Amino acid sequence: MVRLIFLGPPGAGKGTQAQTIAQMHHVPHISTGEILRSAVADKTELGLKAQTYMEAGELVPDQLILDLVEARLNQADAKTGWILDGFPRTVDQAIFLETLLARLQQTCDYVVNFEVPDEALVSRLLGRGRVDDTEAVIRNRLEVYHQQTAPLIGFYQERKQLASIDGDQPIESINQRLNDLI
Ligand code: AMP
């Protein structure tokens, strides 16, 4: 059983690593970005509300995210573990998650912080070609990350849950480091 939160800037490789580790440990990979992208593609009410924020590289308002995460963690497949990728992204979201996990009588094993310098991120993201991967939107997402998400590093450090990983390495080396940690 593993319960991990993957923290880090956009393009740090969280999604790629989460997918591999989730498969190995038979736990769901819960990516709020993926859930939102499929809602946008399906033109659901959630998708229609989230779309403009996502295209601008802004965070989607908490009222759209929190219930969604709670419902997802209450699903049967999440009872024995999970990897959260892209959530929490603000201190408010982290506090919500802390309360939710206490209620579910679950604890997170580690918050894995992927460290990658901004310039490496910009070139990686430009190569990825998603609709929100234009240079102006990428710069904004990095700015949003530094302002709203990076404070979570201190938040989880204080709670002695943080493990940092050098994300500016080949995929296999990062995977190895994650496996050592788990
Ligand atoms: P990601 O795939 O994690 O890069 O997320 C893509 C986009 O979805 C982000 O730029 C945000 O607009 C939105 N998003 C994903 N997760 C969250 C979250 N936890 N809180 C707010 N917005 C989010």
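Whatever order the structure lists them in is the order used to number ligands and atoms, beginning at 1. Quantities reported herein were computed from a predicted structural model and do not represent experimental measurements. As a basis for the values below, the full set of heavy atoms in this structure was taken, side chains included, without hydrogen atoms, waters or symmetry mates.
Both the sub-6.0 Å distance and the 45° axial angle are not jointly satisfied by Arg141 relative to the ring of Tyr145.
Of the N and O atoms on the side chains of Glu55 and Gln51, at least one donor lies less than 3.5 Å from an acceptor on the other residue. Side-chain contact of Glu143 with Gln147: a donor-acceptor pair under 3.5 Å is present, judged by distance alone.
Pocket lining of ligand 1, defined as residues with a non-hydrogen atom under 4.0 Å away: Thr32, Gly33, Leu36, Arg37, Met54, Glu58, Leu59, Val60, Ile65, Gly86, Phe87, Arg89, Gln93, Arg130.
The pair Arg177-Glu115 does not count as a salt bridge, with every side-chain nitrogen at least 4.0 angstrom from each carboxylate oxygen. Salt-bridge annotation for Asp109 and Arg3: absent, with no side-chain N of the basic residue lying under 4.0 Å from a carboxylate O of the acidic one. Remark: Glu45 engages Lys49 in a salt bridge, criterion side-chain N to carboxylate O under 4.0 Å.
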